[in-house]
Amino acid sequence: MPERITLTINGRWCEALEGTTVAAAIMNAGAACRASATGELRGPLCGMGICFECRAIVNGKPHQRTCQMLCEAGMEVNTQ
Amino acid sequence: MAAVACAAEGGRHVAVVDDNFTLGGQIWRGKDTPLKTAEVWRARVAAANVVRIQGARVYAQPAPGVLRAEQNGSYVDVAYEKLILATGARERFLPFPGWTLPNVAGAGGLQALVKNGLFVEGKRIVVAGSGPLLLAVAAYLKRHKAKVLAICEQAPLSRLLKFATSIVTDKEKLLQAVVYKSQTLSAPFHTGCWPVSAQGKERLESVTLRKGNRTWTIACDYLACGFHLVPNTEVPELLGCRVLDGKVAVDEWQQTSILDIYCAGEPTGVGGVELALVEGQIAGYAAAGLPDNARSLFAQRARQRKFAQKLEEAFALDSALKELPQDDTVICRCEDVSYLTLKDEPSWRAAKLHTRCGMGPCQGRICGAATEFLFGWNAGSVRPPIFPATLSCLEAIPELLELQETR
Amino acid sequence: MISTYDAVVIGAGIVGAACACELARAGMRTAIVEASIVGGGATAAGMGHIVVMDDSPAQLALTQYSQSLWNEIAPQLPANVEYDRCGTLWIAADDEEMQEVRRKQAVYASVNVRTEVLDSRALSEAEPNLRRPLAGALLVPSDAVLYPPCAAVYLLECAKQAGAALYIGNAVAKAERGRVTFSDGTELSAALIIHATGAGATRLMPHLPIRKRKGHLVITDRYPDFVRHQLVELGYLKSAHSITSDSVAFNVQPRRTGQLLIGSSRQYDNEGAGVDQKVVSAMLARAFDYIPSMKELSSIRVWTGFRAATPDKLPLIGPTEDPSVFLATGHEGLGITTSLATARLLTDHLLQRGTSIPLGPYLPERFAREVIYA
């Protein structure tokens, strides 16, 4: 039975199954990962860590490639 | 994985350096891979004595025979006698209005996200672009209870039929195709069809498709859109391997133009799983000094290479796709550079300097393939860091560390 | 049928583009030729720091004059030039350097450049990411930064608007005695030929006292507000001073994008354009000395370029022995700053209308005799 992990996304508590990446959790929550250079909302594109569209702020650190990062309990994720 | 297993089984001390958190690359990402082949190879790698360095991205070559990778905010130097590069491929993304909306992802991209926890049950999804990956992705999404509303392949039906007849003799591929097709029967499959725009306020709400003279709009939650694959040649280029026409040049032993550096799989020419497995085995055996084992696979490789050739011909991109971007369509997503800004630049380098296209963290991996198709530009040579690196890792002075022992 | 021009500028880096613009606006039938990419040489490897530099009175005069010209055109610069008057902070790490700060303030004051001395606390308020404690700094609020390749493109566009002809993609084989010959054999006739060829100047004029001085740059991802001013250590001048040895200095710039541009390094006798890891390491280590938290930032790109260095660190602006050939080159690390003044001085001289500052210190004839490098 996969464990359930709770983390916050833009201040709201969300649940994710163990093994979920932060990018997937952000998408499941209906949030965007980041705002682009001209302010457009963006989400993951390549899903494999090379497009950098999935960058978000994780535990205060910006520019985290969330599609290559597994959700952890208590993580604080914010749209960058 | 094939190379790793074969080299290790050949008695060599093997390490694998991988950006992902577990082995399998893209095609075998995550735990639920339906193919038995994946499990077989996973088992072989697990049984072999292999050092696994995961979550590590190669960004520089600090000294000959040494690769430097960033892992968890610090760097690891890996010294090798022989190196096998199996860096795979990435999707080609072609820009069209609305392609930057959240919930527009690659075809392989969306599949990877689902494998990593994205919920798609009950979600309406359009799969578009080009290549056999589309059908595989659609089938995968259906198995995860998504509503696949349409599958849109840009190649015309005539070319697809020709491609289909050419693989009739290859039992495994034929079976695979039949399986995917049967799993996606309920989804309309359109050929000569592609997205002309995606609409939505904060995220995707609908996609407009065109087939010949007809255009129609479908309301949907996700668009999985990718136009075939492009080899990842950055590490080979960093090391000085000769790359021709976007493919790493290798001899019959899968050795590159640099002695003791081998390359296998998509970087030598996109050709699918079976070709990658054969090339991987050959490279593993050759690097391990087992030429006879390698030679025994040459015939199989030749057959698979023919398939790769057919693949390239069948899914060649329609030049009408060059007309998709409007003036205000973003081409470089890292720097938000529009089509209008780019179209009069004479070359990739000029565009880079004058518009900053390609100067973002993706280092041109996304916009490079797009601009090559749209304008015929050739992206220049790579320079370290070939992947963004934390400054503390960039600062590290060349010095060798012991090969990490990790399990 | 050979095209005839009053002036042909060779090289469309920022200096050449500025010259072409100035000459065309002055009414000369002007052409500019560029073998490769506009702003693709040293211009693409410059930090884009518009700075008043007091290394010598002649350098002070030239940089100040040029900065005033940048101030005049600043309102017209398009957004992609990313002009930002963020000011410079010359950082003093210890009391000895603080004395240098005060000396510098006096020098700037003598030419009416307003500055402010910051003490240790004021400095850390102005730049919270600098390590503490530092002794203080000299703030020069009138200094600015911009993105050089787009500035070159803008100036070239101005030249075009003023009637200049552009020959892009053609390499020049010879340029002397009123004739510019391309490598494909075609020719232009020019009453005046201006060599604005930067570090490559000795290709066409082998006897010029110009040496290539390699520099490295690193740029990070976007970290808005991490640094607010161009930050330069006072030791920078020691680095730029030294004629012979390799050196690095702390020199960090906030770009409008929020990215940090990190310099600077100087090397002689390294003709390869490849990235020299030892130099990058030394440069970054120096930067971390001043801004320890920079270690955590993500870097996107490293690149190199070649400055055109003369023996006395002043550019070559003016006539040569060939009455048709003039120089606008040898700007070392101040090409971006002094491009506009170079163009104005040269044009004023050519039109014999009197220069705003004396041209004497920059005349090529000062090296007419054999030059021996120390």
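Letters go in sequence order (proteins before strands), and every chain restarts at 1.
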Item to check | Any B/Phe93 side-chain heavy atom under 4.5 Å of A/Cys51 side chain | outcome: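 Heavy-atom side-chain distance check fails, nothing below 4.5 Å.
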Checklist entry - Rounded to the nearest 0.5 Å, how far apart are CG of B/Leu113 and SG of A/Cys46? => result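 The SG atom of A/Cys46 is 8.0 Å from CG of B/Leu113, to the nearest 0.5 Å.
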[X] and [Y]: which non-hydrogen atoms are nearest, and at how many Å?
{"X": "A/Leu45", "Y": "B/Val104", "answer": "CD1-O, 3.9 Å"}
{"X": "B/Ala105", "Y": "A/Pro44", "answer": "CB-O, 3.7 Å"}
{"X": "B/Cys334", "Y": "A/Ala37", "answer": "O-CB, 4.2 Å"}

Checklist entry - Between B/Gly117, B/Gly106, B/Ala107, which residue shows the highest count of heavy-atom pairs closer than 4.5 Å to chain A? => result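 Maximum pair count with chain A is reached by B/Gly117.
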Item to check | Options B/Pro361, B/Cys362, B/Gly226, ranked by heavy-atom pairs under 4.5 Å with chain A, top entry | outcome: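 Result: the option with the highest number of such pairs is B/Pro361.
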Checklist entry - By a 4.5 Å heavy-atom criterion (distance strictly below it), what part of B/Val114 contacts chain A: side chain, backbone, both, or neither? => result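 Contact with chain A is absent: no heavy atom of B/Val114 under 4.5 Å.
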May I have a table of the donor-acceptor pairs connecting chain B and chain A at distances under 3.5 Å?
unit_1: B/Asp19; atom_1: OD1; unit_2: A/Arg65; atom_2: NH2; d: 3.3
unit_1: B/Asp19; atom_1: OD2; unit_2: A/Arg65; atom_2: NH1; d: 3.2
unit_1: B/Asp19; atom_1: OD2; unit_2: A/Gln68; atom_2: NE2; d: 3.1
unit_1: B/Asn20; atom_1: OD1; unit_2: A/Gln68; atom_2: NE2; d: 3.2
unit_1: B/Arg29; atom_1: NH2; unit_2: A/Gln68; atom_2: OE1; d: 3.3
unit_1: B/Thr100; atom_1: OG1; unit_2: A/Glu40; atom_2: OE1; d: 3.1
unit_1: B/Gly106; atom_1: N; unit_2: A/Leu45; atom_2: O; d: 2.8
unit_1: B/Asn116; atom_1: O; unit_2: A/Thr21; atom_2: N; d: 2.9
unit_1: B/Gly117; atom_1: O; unit_2: A/Asn28; atom_2: ND2; d: 3.0
unit_1: B/Phe119; atom_1: N; unit_2: A/Asn28; atom_2: OD1; d: 2.8
unit_1: B/Arg203; atom_1: NH2; unit_2: A/Gly30; atom_2: O; d: 2.6
unit_1: B/Arg333; atom_1: O; unit_2: A/Arg34; atom_2: NH2; d: 3.4
unit_1: B/Arg333; atom_1: O; unit_2: A/Arg42; atom_2: NH1; d: 3.0
unit_1: B/Arg333; atom_1: NE; unit_2: A/Glu53; atom_2: OE2; d: 2.5
unit_1: B/Arg333; atom_1: NH2; unit_2: A/Glu53; atom_2: OE2; d: 3.0
unit_1: B/Asp336; atom_1: OD1; unit_2: A/Arg42; atom_2: NH2; d: 2.8
unit_1: B/Asp336; atom_1: OD2; unit_2: A/Ser36; atom_2: OG; d: 2.5
unit_1: B/Asp336; atom_1: OD2; unit_2: A/Thr38; atom_2: N; d: 2.8
unit_1: B/Asp336; atom_1: OD2; unit_2: A/Thr38; atom_2: OG1; d: 2.3

